[in-house]
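Working notes, structure below.
Predicted, not measured: the structure shown is a model, and the values here were computed from it.
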Amino acid sequence: MILLNIFFLILVIAGLFLFAHGLSTNGKLSVLFGSLFVLVPLVWLTIGNEFIALAPILALVIIYVLQRKSVIKPKEV
């Protein structure tokens with residue numbers, strides 16, 4: 001159980017760095033994976049493993065809100 005907690009801690013730290021890198025470079029994919037890396041351990045430890053399928057939906061909602069607040073600019077064609 002301790003190895004699982006250490007893995008989750010490493011995953012959250014890597015997700016925060018990836019999320020911050022995505023915000024600084026305006027990369028939506030980095031923000032998506034960073035928020036997924038943070039949300040999956042949080043959902044697993046708080047709600048339970050039945051609701052892990054909601055983590056990608058929450059990550060996409062985070063990206064949508066960041067685009068609406070103009071933190072991440074959508075790409076122009």
Side-chain angles (χ1 to χ4, degrees):
M1 190 67 177
I2 293 192
L3 286 176
L4 184 64
N5 289 338
I6 292 171
F7 176 70
F8 281 160
L9 182 65
I10 292 170
L11 197 62
V12 167
I13 291 170
L16 289 175
F17 281 125
L18 195 58
F19 186 81
H21 174 71
L23 286 180
S24 66
T25 61
N26 199 18
K28 292 180 212 155
L29 198 58
S30 295
V31 172
L32 174 70
F33 282 119
S35 58
L36 276 176
F37 287 172
V38 171
L39 286 174
V40 168
L42 291 178
V43 168
W44 178 294
L45 293 174
T46 57
I47 301 173
N49 58 355
E50 296 87 17
F51 296 103
I52 287 182
L54 294 177
I57 297 168
L58 291 173
L60 289 174
V61 167
I62 289 171
I63 289 177
Y64 176 74
V65 168
L66 289 175
Q67 282 183 349
R68 297 289 286 174
K69 299 275 184 182
S70 297
V71 176
I72 299 176
K73 295 181 173 83
K75 281 192 173 182
E76 297 178 10
V77 178

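Placement of V43 and I10 in two distinct hydrophobic clusters is found when ILVMFWY residues are connected by side-chain heavy-atom separations under 4.5 Å, directly or transitively. L4 and I52 fall within a single hydrophobic cluster, where Ile, Leu, Val, Met, Phe, Trp and Tyr side chains are chained together by heavy-atom contacts under 4.5 Å. If you chain together hydrophobic residues whose side chains sit under 4.5 Å apart, L36 and L54 fall into the same group. The hydrophobic clustering, which links ILVMFWY residues whose side-chain heavy atoms are closer than 4.5 Å, places L60 and F51 together. I6 is not connected to M1 by any chain of hydrophobic side-chain contacts under 4.5 Å among Ile, Leu, Val, Met, Phe, Trp and Tyr, and they are in different clusters.
For I63, the side-chain contact (heavy atoms from CB on, under 4.5 Å) partners at least two apart in sequence or on another chain are V31, L32, Q67. Scored by the side-chain contact (heavy atoms from CB on, under 4.5 Å) test, L18 finds S30, F33, F37 as partners (sequence neighbours excluded).
In this structure, the separation between CG on N5 and CZ on F8 is 7.5 Å, given to the nearest 0.5 Å. Here CH2 of W44 is found 11.5 Å from CG of L11. Values are rounded to the nearest 0.5 Å. Here the CG-CD1 distance, from L39 to I62, works out to 4.5 Å after rounding to the nearest 0.5 Å.
Nearest approach of V38 to G15, heavy atoms of both residues: CG2-C, 3.8 Å.
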